[in-house]
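Note sheet for the following structure.
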Amino acid sequence: MENLKVIVVDDAKFICEHVTKIVNEAFLGARTQAAYNGKEAVKLMSAETFDIVLCDWEMPEMSGLELLKWTRAQPQYQTTPFLMITSRGERSYVLKAIQAGVNDYLGKPFTADQLVTKVHKLLGQPQQAPDAAKQAKAGRVLAQDKLKATGTQKHVAKPKGMAQLRTGGQVFKCAVKDLSLKDALIVIKNEGNYPSVLESVVVDIEALSGDSVAQMNGFIQSLQAVEPRVDSPFINIVVSFVDDDPDKMAHLSKYIEAVRR
């Protein structure tokens, strides 16, 4: 795959650098460019043609979904592989991406192997237009989901300060002990299995209503036993956030204000 041209689109510089490093190590001779929002990506993609797009969903200026729709409207990009890489894994988001013509979907956090496998798969397939049948089906399912939810959905209140910590292959239920726009101090049960320092993670922070208020990308800054003993029942974890999305920051600010009253 010599002369492969890849564009990586993510508002978090940390994620762009991480994905770029993986791609450059796995595909020798590849040329990778980064854009930090959809509008920057449009400029780069209009100036030259890329062979594959690796894109985040939630970004300022222009979201990944909006960029996907723009991409499919351009004659030179109607069959270009588009991989959505995002912490948004809900059914409705996946369906919207399929409906807009995405080729594949990779949830954050992810391992290098998972990303490389997805890219190999997309580049190894014959280029063809997005599956119209899948797009139509996704649209019908979305419409049905909206009808079911109208006026009948009830949310069960959940405890304050709860969250979910996701790594490349594991999910940990946790409690939030402290929270800021830059980092979070969370605690998980010590079941002999926990993430590593500097590992990429996603923290799903739950709102008081029970909805997920923010899905923050970050990395493990530190781990510490809550009690000074080898069988400490709980582990403190500090997660540093790498997101710069204004919408995420606004939601997180409101949440922090609510729980600190």
Exercise for review: Check the pair Phe234 / Asn190 against side-chain contact (heavy atoms from CB on, under 4.5 Å), numbers first and verdict last.
Suggested key: CA-CA 5 Å; Phe234 297 99; Asn190 179 13; 5.9 Å; no
Practice item. Could you give me the CA-CA distance, side-chain angles and deciding distance for Lys21 and Glu17, then say whether salt bridge (charged side-chain N to carboxylate O under 4.0 Å, His left out) is met? Key: CA-CA 6 Å; Lys21 183 174 183 290; Glu17 291 175 347; over 6 Å; no
Point to revise | Pair Ser240-Gln221, side-chain hydrogen bond (donor to acceptor under 3.5 Å, both in side chains): steps then yes or no | key: CA-CA 6 Å; Ser240 289; Gln221 179 179 326; 2.5 Å; yes
Practice item. Show the numbers, then the answer: is there a side-chain contact (heavy atoms from CB on, under 4.5 Å) between Ile85 and Phe110? Key: CA-CA 9 Å; Ile85 307 174; Phe110 54 86; 3.4 Å; yes
Review point. Step by step, would you call Val42 with Met62 a side-chain contact (heavy atoms from CB on, under 4.5 Å)?
Key: CA-CA 10 Å; Val42 167; Met62 184 181 189; 3.8 Å; yes
Exercise for review: Decide yes or no on side-chain contact (heavy atoms from CB on, under 4.5 Å) for Arg166 and Val201, but give the supporting numbers first.
Suggested key: CA-CA 5 Å; Arg166 289 187 278 136; Val201 298; over 6 Å; no
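Identified under the side-chain hydrogen bond (donor to acceptor under 3.5 Å, both in side chains) test for residues 191-202, with sequence neighbours left out: Gln170-Asn193. The side-chain hydrogen bond (donor to acceptor under 3.5 Å, both in side chains) pairs that include a residue from residues 26-38 are Asn24-Thr32, Arg31-Glu48, Gln33-Glu48, where partners are two or more places apart or lie in different chains.
Val202 forms part of no hydrophobic cluster, judged by ILVMFWY side-chain heavy-atom separations under 4.5 Å.
The hydrophobic clustering, which links ILVMFWY residues whose side-chain heavy atoms are closer than 4.5 Å, places Val226 and Ile237 apart.
Between Lys248 and Phe241, every side-chain heavy-atom pair lies at or beyond the 4.5 Å cut-off.
Here Asp56 pairs with Lys108 in a salt bridge; the nearest charged N to carboxylate O distance falls below 4.0 Å. A salt bridge is defined here as a Lys NZ or Arg NE, NH1 or NH2 lying under 4.0 Å from an Asp or Glu carboxylate O, and Lys5 with Asp51 fails to meet this definition.
Looking at Asp243, its side chain does come within 3.5 Å of a backbone N or O of Asn217 through a donor-acceptor pair.
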